[in-house]
Amino acid sequence: MKIIDHIKNAAGKTLFSFELLPPVKGQSIQGIYDAIDPLMEFKPPFIDVTYHREDYIYKQHETGLLEKVSYRKRPGTVAICAAIMNRYKVDAVPHLICGGFTKEETENALIDLQFLGIDNVLVLRGDARKADASFIPTPGGHTYACNLLEQVFNMNNGQYLHEDHDTSFSTNFCIGVAGYPEKHFEAPNLKVDFRYLKQKVEMGAEFIVTQMFYENSKYFEFVSNCRENGIDVPIIPGLKPITSSKQLISLPKLFHIDIPEELSEAVTKCKNETEVKEVGIEFMIEQCKELVNFGAPVLHFYTMSNPGPTKKIAEAIF
Ligand code: FAD
């Protein structure tokens, strides 16, 4: 079922969902099931699976020469989605990224997803490879999420890349996109970032999932700005409980978000990492209560495949 229909059917009740990372290459899918099982009691109508672009590693040869090799650390998004749908009877939402795919590869991936019965995709540009200073599009691929979105939208209207044969079958994906309450780090200002978000919605995006945030006021303001600018689609808050003191540095660095003083002070005062986890969970419970009161359609957790903290929060909320 489409995410927008799950939200409509909930008739104002806040739903629970979460996101998983595919296992690192060489690990079994059991890790995915172990990350899902403890959270199923909260009845997620959908579960997201992230996509990871290839990166480079350097292999040293006997001669001492280093060879740059392209390497995908976490393959398997599409197969994991199929396995989740088959085992748990919930919708799986694959993240589709521009990086690492030509348009033809994207088209083929979308056909696979449609045949597997996947109804939703989250369309993203994707992160830069670690070795690159900024995002470099794949030759023959897309540069921005809106370009990828256009391709999915076209396929939903029966338009494939090379119409040299009968293409009477249309896909029917419900398309989601990313939104940034604190601005995407490359955008010169919120206004410009907003313009591109609006463009994605005008081009057919039916829901938005936000970057994580720790100050609800930023989400409230973002929603209000969207509504004032004619963006009427559901805006799903993305949430990630703090689980270690190192995240006071790594989260702002990686995701370009602020951690409010109240939370950073509380974490700094903790005597050990167990206390940090407790503080992170308590903080997020309060954050979630406020989001539910506000009428957030879904609370969407970035679990990083570690269900423990999310389970404790969900127990207090759902
Ligand atoms: P875009 O919408 O393309 O925007 C990127 C930047 O370009 C922004 O600064 C925007 O303002 C600007 N821009 C947009 N359109 C245009 C245009 N037409 N012309 C000029 N400038 C433009 N990354 C992964 O690799 N895998 C994942 O699974 C993944 N999942 C994510 C899930 C969520 C909910 C979120 C919030 C992020 C996720 N990311 C993921 C990270 C995401 O790929 C990065 O944040 C990336 O840098 C931007 O992606 P985007 O889709 O927002 O890009």
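We number each residue from 1, following the sequence as shown.
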statement: residues 4-16 vs salt bridge (Lys or Arg N to Asp or Glu O under 4.0 Å), sequence neighbours excluded, gives Asp5-Lys8

- prompt: Which pairs with one or both residues in residues 92-112 pass salt bridge (Lys or Arg N to Asp or Glu O under 4.0 Å), sequence neighbours excluded?
  reply: none

query: Would you find more than 12 non-hydrogen atoms of other residues, nucleotides or ligands less than 6.0 Å from Lys25 atom NZ?
result: yes

Those residues that, when tested against Thr268, pass side-chain contact (heavy atoms from CB on, under 4.5 Å) (two or more places apart): Leu248

Residues forming a salt bridge (Lys or Arg N to Asp or Glu O under 4.0 Å) with Glu186, sequence neighbours excluded: Arg125

message: Just checking Lys312: does its NZ atom have more than 12 heavy atoms from other residues, nucleotides or ligands closer to it than 6.0 angstrom?
response: no

query: Is there any salt bridge (Lys or Arg N to Asp or Glu O under 4.0 Å) pair reaching into residues 274-288, and which pairs are they, with sequence neighbours excluded?
result: Lys271-Glu275, Glu286-Lys289

task: Please name all residues satisfying side-chain contact (heavy atoms from CB on, under 4.5 Å) with Ala178, sequence neighbours left out, ordered by chain then number.
output: Leu124, Tyr180

- request: Just jot down the salt bridge (Lys or Arg N to Asp or Glu O under 4.0 Å) partners of Lys73, sequence neighbours excluded, or say none.
  value: none

message: Does atom CD (Glu315) have a neighbourhood of more than 12 heavy atoms from anything else shown, all under 6.0 Å?
response: yes

message: Could you work out, with salt bridge (Lys or Arg N to Asp or Glu O under 4.0 Å) as the rule, every residue matching Lys183, not counting sequence neighbours?
response: none

- prompt: Is the distance between the ring centroids of Phe294 and Tyr219 under 6.0 Å?
  reply: yes

field: side chain to side chain donor-acceptor pair (under 3.5 Å) contacts touching residues 80-101 (sequence neighbours left out)
entry: His6-Asp91, Asp37-Tyr88, Asp48-His95

Ring pair (Phe, Tyr, Trp, His ring centres under 6.0 Å) contacts touching residues 297-318 (sequence neighbours left out): Phe16-Phe301, Phe16-Phe318, His300-Tyr302

Residue pairs fulfilling salt bridge (Lys or Arg N to Asp or Glu O under 4.0 Å) with at least one residue in residues 220-243, sequence neighbours excluded: none

- request: Check salt bridge (Lys or Arg N to Asp or Glu O under 4.0 Å) between Glu290 and all other residues, then give those that pass, not counting sequence neighbours.
  value: none

